[in-house]
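Written below as structure tokens is the structure these notes are about.
This is a predicted model, so every value here is computed, not measured.
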Amino acid sequence: MLAAHLLPGQRERYIMSKKLMLLAAGALSALAFAALPAVASAEEYEVHCPKTPCIGTIAGTAIEHTIRLENDANERIEATSLTGTTSIEASTTTTGKTELFFKGVKEKITGFNFSCNSPGAAAGEIKTGVMSTHFINLGKSPETIPAVLLTLPAAGITFTCAGFSQKTVTGNIIGTITNVAEVCNKAAAKTVVKFNIKPPNPFGTQEHETWTGKSYDLTSGTHASDGTTSAQTGTGNITWEVGNEPTLTC
């Protein structure tokens, strides 16, 4: 209304000043949002490390939970134990790194139970190489189902068993954190991660394959592009360094 009573030159200067005010307001709003701290979404969890890196040692045995990799053709290998390390390398993050070593690995295909191994490894040993770890929530907010999403190296994990061809495992796998009360919002001395196949035991189907509407699956075949769906069972018990235990915000 004010602009209508101004002279032509005054009206143009008034309109220009209003535009500049709007632009300035928009810039200030953008800066205000940029200043807000970054937070994890409801689908992922932040983990806090007192002193970087937080290092955990991993152990598991077949007595505790069957350690098995199987595909949808019911081809299987089994291990007697697993070991490994996991690390959190930032004070606040949603990711980490994990490397596993499977021991006593034998095939369950030929009936002879030949040993399996990674290239250059001893008989019965398979090494995963470094896998990225993502701390996620499988539940829909406010439901809490802490889990980890492991992403295998881009080249996959290759192994050979005497008596049949070489296999390469690629993709991703989701495992649930089972000791929720011990790890959520408190420093945890131990974290237990369990990987299961989907009941009632359809071969090669992981218990959890979906997160944020996306599918995550393992494949194992004669080469990295083979799409044979696979599943892994086993439990990894992570013991953190005393005095430097991480806290999972969930």
Side-chain angles (χ1 to χ4, degrees), residues 56-86 98-118 121-129 131 133 136 138 145-152 156-180 182-183 190-210 216-221 226 228-239:
T57 57
I58 304 171
T61 68
I63 296 174
E64 177 184 22
H65 187 44
T66 302
I67 304 171
R68 174 187 296 161
L69 174 71
E70 64 177 41
N71 63 22
D72 54 7
N74 195 24
E75 296 177 323
R76 308 189 315 278
I77 61 172
E78 294 185 2
T80 57
S81 65
L82 66 88
T83 60
T85 58
T86 188
T98 300
E99 186 169 12
L100 296 175
F101 303 89
F102 296 91
K103 297 184 178 181
V105 184
K106 295 183 177 181
E107 52 85 15
K108 300 294 180 179
I109 302 171
T110 65
F112 294 101
N113 300 150
F114 292 115
S115 292
C116 308
N117 61 276
S118 300
E125 294 188 357
I126 293 179
K127 304 177 181 180
T128 65
M131 302 178 286
T133 308
I136 65 174
L138 291 179
I145 305 177
V148 296
L149 170 64
L150 297 180
T151 301
L152 276 58
I157 302 165
T158 298
F159 63 89
T160 302
C161 306
F164 67 95
S165 63
Q166 175 178 287
K167 299 284 186 181
T168 299
V169 186
T170 56
N172 307 268
I173 183 172
I174 296 173
T176 54
I177 295 174
T178 60
N179 60 331
V180 177
E182 297 175 26
V183 301
K190 186 176 182 179
T191 304
V192 182
V193 183
K194 181 172 284 189
F195 300 89
N196 282 320
I197 57 175
K198 185 177 294 183
N201 193 19
F203 299 122
T205 304
Q206 203 71 40
E207 180 181 17
H208 300 287
E209 292 185 314
T210 304
Y216 296 90
D217 192 18
L218 287 178
T219 63
S220 63
D226 192 320
T228 306
T229 188
S230 302
Q232 174 77 53
T233 62
T235 295
N237 301 290
I238 306 170
T239 302

Can S81 and T61 be said to form a side-chain hydrogen bond (donor to acceptor under 3.5 Å, both in side chains), step by step? CA-CA 4 Å; S81 65; T61 68; over 6 Å; no
Is there a side chain to side chain contact (heavy atoms under 4.5 Å, CB included) between L149 and Y216? Walk through the geometry before answering. CA-CA 9 Å; L149 170 64; Y216 296 90; 3.9 Å; yes
Taking it one step at a time, do V193 and T235 satisfy side chain to side chain contact (heavy atoms under 4.5 Å, CB included)? CA-CA 6 Å; V193 183; T235 295; over 6 Å; no
Check the pair L82, K103 against side chain to side chain contact (heavy atoms under 4.5 Å, CB included), reporting the backbone distance first and the verdict last. CA-CA 6 Å; L82 66 88; K103 297 184 178 181; over 6 Å; no
T219 vs T170, test: side-chain hydrogen bond (donor to acceptor under 3.5 Å, both in side chains). Steps then yes/no. CA-CA 5 Å; T219 63; T170 56; 2.5 Å; yes
Check the pair N172 / T151 against side-chain hydrogen bond (donor to acceptor under 3.5 Å, both in side chains), numbers first and verdict last. CA-CA 5 Å; N172 307 268; T151 301; 2.8 Å; yes
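In this structure, N113 contributes its side chain and E107 its backbone to a donor-acceptor pair below 3.5 Å. Under the 3.5 Å distance criterion, the side-chain polar atoms of H65 are left unmatched by any main-chain donor or acceptor of G236. Looking only at distances, a side-chain donor or acceptor of N179 sits under 3.5 Å from a matching main-chain atom of K190. Counting only distance, with no hydrogens or angles, the side chain of T158 and the backbone of Q166 share no donor-acceptor pair below 3.5 Å. Counting only distance, with no hydrogens or angles, the side chain of E70 and the backbone of E75 share no donor-acceptor pair below 3.5 Å. Looking only at distances, a side-chain donor or acceptor of Q232 sits under 3.5 Å from a matching main-chain atom of R68.
Atom NZ of K108 has more than 12 neighbouring heavy atoms from other residues, nucleotides or ligands inside a 6.0 Å radius.
Using a 4.5 Å heavy-atom cutoff, the side chains of F102 and T128 are in contact. T86 is not listed as a side-chain neighbour of T57, based on a closest heavy-atom distance of 4.5 Å or more. In this structure the side chain of L100 reaches within 4.5 angstrom of the side chain of M131, judged on heavy atoms. Between I77 and I126, some side-chain heavy-atom pair lies under the 4.5 Å cut-off. Looking at heavy atoms from C-beta onward, E64 lies in side-chain contact with N237 at the 4.5 angstrom threshold. Residues E125 and V105 are not in side-chain contact: their nearest non-hydrogen atoms beyond the backbone lie 4.5 Å or more apart. Residues I177 and V192 fail the side-chain proximity criterion, which asks for heavy atoms closer than 4.5 Å.
Considering every non-hydrogen atom in both A123 and S115, the closest pair reads CB-CB, 4.2 Å. Heavy-atom minimum distance, F203 versus N71: CB-O, 3.5 Å. Here the closest non-hydrogen pair linking S230 and L69 is CB-CD1, 4.2 Å. In terms of heavy atoms, T168 sits closest to G156 at CG2-CA, 4.3 Å. Between C116 and F159, the shortest heavy-atom distance links the atoms CB-CD1, 4.3 Å. Closest non-hydrogen pair, G204 versus A231, comes out as C-CB, 3.6 Å.
The line from OG1 of T66 to CZ of F195 is 15.0 Å long, rounded to the nearest 0.5 Å. Between the NE2 atom in H208 and the CD1 atom in I197 there is a gap of 12.5 Å [rounded to 0.5 Å]. Note that OG of S220 is 10.5 Å distant from CD1 of I157, once rounded to the nearest 0.5 Å. For the atom pair CD1 of I173 and CG of L152, the computed distance is 8.0 Å after rounding to the nearest 0.5 Å. E207 CD to I174 CD1: the interatomic distance, rounded to the nearest 0.5 Å, is 10.5 Å. In this structure, CD1 on I238 lies 6.5 Å from OG1 on T98, to the nearest 0.5 angstrom.
Under the 3.5 Å distance criterion, with hydrogens and angles disregarded, no donor-acceptor pair is assigned to the side chains of T233 and N196.
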